[in-house]
Every structure is written in C-alpha cells, then in structure tokens.
Amino acid sequence: MSEKEIKSLEEIFEAKIARDEKIEPKDWMPEKYRQTHIRQISQHAHSEIVGMLPEGNWITRAPSLKRKVALLAKIQDEAGHGLYLYSACETLGISRDELYEQLHSGKAKYSSIFNYPTLTWADMGAVGWLVDGAAIINQVPLCATSYGPYARAMVRVCKEESFHQRQGFQIMMTLAEGTPEQKEMAQDALNRWWFPALMMLGPTDDASVHTAQSMKWKLKRKTNDELRQQFVDQTVPQAEMIGLTIPDPNLKWNPETKHYEFSELDWEEFWQVVKGHGPCNKMRLDARRNAWNNGEWVRNAAMAYAEKQENREVKQAI
Amino acid sequence: MNNNLIQYIYGIADNSLILGQRLGELCGHGPSLETDIALTNISLDLFGQVRSYYQYAAKIQGNDTTEDTIAFLRKEREYKNVLLVEQPNADFAYSITRQFLFDMFHIELLNELQNSKDETLAAIAKKSIKEVSYHVRFSSDWMRRLGDGTEESNQRVQTAVNDLWVFTDELFHQTDADKAMVSEGIGVDVTQLKQSYYHKVSAILEEATIEVPKIEYFQKGGKQGIHSEYMGYILNEMQYMQRTYPNMNW
Amino acid sequence: MKNWPLWEVFIRSKNGLEHRHCGSLHASDATMALENARDVYTRRMEGVSIWVVPSSQITASNPELNGETFEPAMDKAYRHPTFYELPDELKHM
C-alpha cells in the first residue's frame, strides 16, 4: 500500500471511531492502534490475574464460611475477567502464551497496586472497597470503547464486578461497627491502601504519555486527574458513613468547586513500584512464573492426550 | 439432642471442609487460567455443602452454635474428616488424584444418602449430587489426560496414586456414630460401597494406563479424630482469625 | 510443545433462543473446552446449552470486501414488505 492509501485508510478509520462505530478484529486498523490496544488490554488482563494473589493470600484464613465463599467467588471472577481480556487481546493477533511471556519477563506491566501486601483481614475490605472502587471508575467508560472485543469483555466484567466493591465495603462496615480492635484494623487498612488506591488511577495528566491518543480512540473518556477527583469525591462520604478517617490531613471540601482537595501524592513511590521496587513485586511475579512453569507438564500432558485421542478416532474411522 | 447424628454430619461435612480448604490454596496458582477457575468452582461447591450440613448440625445443637463455631472453633480431635482430604497439594497430580479418589467415594455416598430417613440430609444429598457428578467427570477426565498424556505426567500420577492409595480404605470405615445412624435408617452403610468403589476406580485407572497399587496395609485415623501432621497446620490457618480475635462478628 | 488451542464459545441462555457467541478460551480438546466453558461462562446461570468450536475452524468474510459482499443488498427494497403500498382498509396482510 502506498503512503497515500494508508493515509486515506487512516482517515476513514478515525472517522469511523468518531462516529462511535466499533472496530472489529479483521477490520483494517493502524498498527499503532493495534499495538496500543495489545498493551492496554494485556496490562488490564495481567492486573486481573496478578490481582488474584493479594486476595488469595486470605482465602485459607477468611474468618467465616460466608466470607470465605464470597472471597473465593470474587477471586475466581478475577480469573474469569483475566480470561475474557486475554481473549479480547488475542483477537489482535497475539497469543496468550506470548502475553504471559511478556508478563513473566517483566516486559509487560500490571497495576502497581497489587505490589502492596495484604496484611490483615481488613485488607480484604480495603481492597474490595478502594481498589475495586477505583477500578470500576476506570472500567465503566471502557464498555463504550472503540475496539469491539474489548468493549464486549468490559461489559461482562463490569456486570460481574458489581458485587466486588459491595463485598469489600461490607467487610469494612462490619469491622467499623465491631469491637475497638476491629475498628482499628479497618482504619489501619484504610491508612495503608488510601494513597496507593489514588495512585492506581494513573500518573497526573502532565506526566501521562498516552492520554491524548487514548481519548481519541475512546480507550479513555476522562483524564487520570478527573478520575481521581471522582474517586475521592465519592469515597470520602463512604468513609465518613462508617466512621473511618481518610488518612490525609489536607483533605477538605471546597464548596466553590464542589470537590474535595487532597494532598499531593508521592509519585516517587509510584514510579519505584512501577519499576519493580514495591514491597511485593518479586513475590507476585514469582508466584505467576511458578504457576506457569509448574503447570507446563500438565498442559503438555493434556495436549499429548488430545493428540492420542484424535489419532485413535482417525484409526477407528479407517 | 442426637449426638450420634451430629457426629455423623461432621463425618460427612468435615471431608468437604478440609478438601475445600486444600483446593482454596490453589486459587491463583493453577496450571492454566481455565483450570484454576474450574478448581475454584469445586471448592465453592464443597464449601456450599459444608454450610448446609453445619447449619443443620448447629440447629440440632441449639445454644450459640453456628456454622462458623463448628467450622472454626473445634479442636483437632473433634474434626472427623478422613486422612485423604488433608493430604497436601504436592503437585497437580496429587491434587487431581486426591480429588478423584474422594469424588468417586463422595458420589456413591450421596447416592445413598438421598434416601436417608432424615429429610434434611436427604435434601442436601440430592442437591449435592448434581455438583459432585460434575466433580467426578472433571477429576476422572483429568486422570485420563495425565495418566495417558506424557511419560512425565504418567509417572507423576502413578506416584500420586501409589502414595494416596493407602488412604482409600478409611473411606469405608464405620465409627460408632455411623453404625448407630445406619441402624436408624439415617446413615449410609459405607461398607456396602467399597466393592463398587474399587471396581469403578480401577476401571478409570486402567483407562488412564495407571497401575492399581497392590497395597494391603492402609492408613486410618481421621474418622476417629486422629489426623496426620498436616491437619494442625490446616486448622492453624483456617482458625487463625477466630482464635486471634475471639467472639467477634465478621 | 504445542499450546492449548483456542475455542470459540456459544451459549444458549434459555430454550427458545439461539446460541450466541460469548467469548473464547483455551483447552486441549473438545471435552475440556466444554468443561472450561461451563466453568468460565456460565458461573451465573447464563446458559442451558453450550457449543464450542475450534477458532481455527471458523471461516470469516473479509471486511475489505464488505462493499461487494453486503452493499448490493441495500437497494433491493422489494425484499421488504413496506415496498408494497396497499390501501389502509386492507386488514391482516
């Protein structure tokens, strides 16, 4: 194709997205669109499956049977969501194994929040309430993103996730209403998770490299700072409702802007965690690599069996 | 209060509790995402069954007993699960073999239990049969895949079968509570299930090109509350919250 | 070693409705694909029947040929009932 032809294809393509038409896997798309989507969708998928680990840490120790099944079901959903997203990503011509390879080699990123440790049961509440809460804010607009398979996966994810945040908040609420010890546990979890949750919504707009292009392709509808503000505005009253204190001395309501003001975040910490220096980066990646490597003989066995079965069927047919 | 009935319920439900707990350890660590999801489903089914049984046992006991005091506050000797289900997830072959050896028993048990004179137990059994039938399908399919897969997988499953076989006989032992319940038409006479169990298990092992171990001396004890060394650690983790923070709501 | 192939999953949500494509997954064989589909895609009672098809077995039309493939149908209004204008008094037609 000549440069001119590509240019005209790109114009048609961009116009299609501007009209809110969806792009489907076999449609022509600019290489940059494909690459950006592979990056974002796979990061999203990786975040789901790495995100299983901090919560998985508490399955065997959940304090009641009811909490145990809810937690298990939630983590299982995350595996499902990872799977939907990997599938969406595979329609762009990259295999799940290649995507895993990128994760395991450290080339691909996942949400930095999962590199923080879950130290008490209240962390299950904080993760559900804050981390899932922040995730939902990010995800809901993606249901209308331009790439069809991604948008469809997100519709499914958002529908299923609706119980996750409620599950987390209810854990926090129960603790906040419980004994002083329990309330302290809840407050401690909020103290540890608040700022990482805010950072989870991504770097400030001036430091975010992908925003403009992503807006055009509807991979993003609002900027990171707008999303963060939305998250703070909706979460602060929830904390107040259950009598917990947001660990930010500078938090205050601005009646003019009708938004909360809050402290500058520690972006140095954020970038260090992204670069691999968070408290659990190594542990999380090791767990994923081990699961994959230890599973290799299992996956091989299943393939070998399938091939034997097929050969047997062919022989019988002859 | 019918203490034999309570002990009988524990004898059934504790198996699902401990096996569910073991499967829960695997969540997030499976050999493929799809398999991870499937194993978690089985774990969820088992915990669901546990809750029904314990809620019933709690109702019989009255006072402040709940499903959670039963699950989390008994002492090790008071758990009546078989040794098989407490065996660790040494590798995927162990986890699948343990599942398979238990599922094949579980389905036979439930098939009989649905005819129990105790309507609650019969109802729980009826509901559980659908779930456990699927477990049987899942674990026996995997036994075939691993057994008749590669040389490595065959060897691993053969090792797991050899190691876990010694725990199968206990499935058919009867406690005094079991005997009492059988005579009242509530409990299942597990001794009657033994022949069919070994017959069916051996048939699938044969399909999986796995040799049936020739073992004459078996391990036992779980049903009497005398467990393996693993059990203390399982409970330690499982009861951690309830023991560290007694008498709280979660 | 070869990786588990990709399968497309179709679910009938209730009798009377058609199977609809709902996503894909990996499995080593058809039996496993069905089992995985059940565990992955029907956790919330989404279905009463499942089809799985190896993704490699699907032949798709080429979107670059969409013009010649689909547009010729656009000007064939006579295939639609509204093409035939009839008196309002006429009932049941």
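Naming: A, B, ... by sequence-line order, numbering from 1 per chain.
Around atom NZ of K308(A), more than 12 heavy atoms belonging to other residues, nucleotides or ligands sit under 6.0 Å away. The neighbour count for R289(A) CZ, taken as heavy atoms of other residues, nucleotides or ligands under 6.0 Å away, is above 12. Heavy atoms from other residues, nucleotides or ligands lying under 6.0 Å from CD of E3(A) number 12 at most.
Looking at R156(A), the atoms closer than 4.5 Å to chain C (heavy atoms on both sides) all sit in the side chain, from C-beta outward. If you measure heavy-atom distances from E310(A) to chain C, you find no contacts under 4.5 Å at all. Contact annotation for D27(A): both backbone and side-chain heavy atoms come within less than 4.5 Å of a heavy atom of chain C.
Between Y84(A) atom OH and C22(C) atom SG the span is 8.0 Å, to the nearest 0.5 Å. Annotation: the span from Q76(A) atom CD to R43(C) atom CZ amounts to 5.0 Å, rounded to 0.5 Å. Between the OH atom of Y305(A) and the OG1 atom of T31(C) there is a distance of 7.5 Å, given to the nearest 0.5 Å. In this structure, the separation between CG on N36(C) and CG on L83(A) is 8.5 Å, given to the nearest 0.5 Å.
Of all non-hydrogen atoms in E90(A) and L6(C), the two that sit nearest each other are OE1-CD1, 3.7 Å.
For S87(A) (side chain) and S24(C) (main-chain N/O), a donor-acceptor pair under 3.5 Å exists by modelled atom type.
Listed by sequence position, R44(C), E46(C), A60(C), S61(C), P63(C) are the residues of residues 44-76 of chain C in contact with chain A, using a 4.5 angstrom heavy-atom cutoff.
Looking at M303(A), R299(A), E307(A) one by one, the single match for side chain to side chain contact (heavy atoms under 4.5 Å, CB included) with S28(C) turns out to be M303(A).
Top candidate by heavy-atom pairs under 4.5 Å with chain C, chosen from A302(A), A153(A), A306(A), S95(A), is A302(A).
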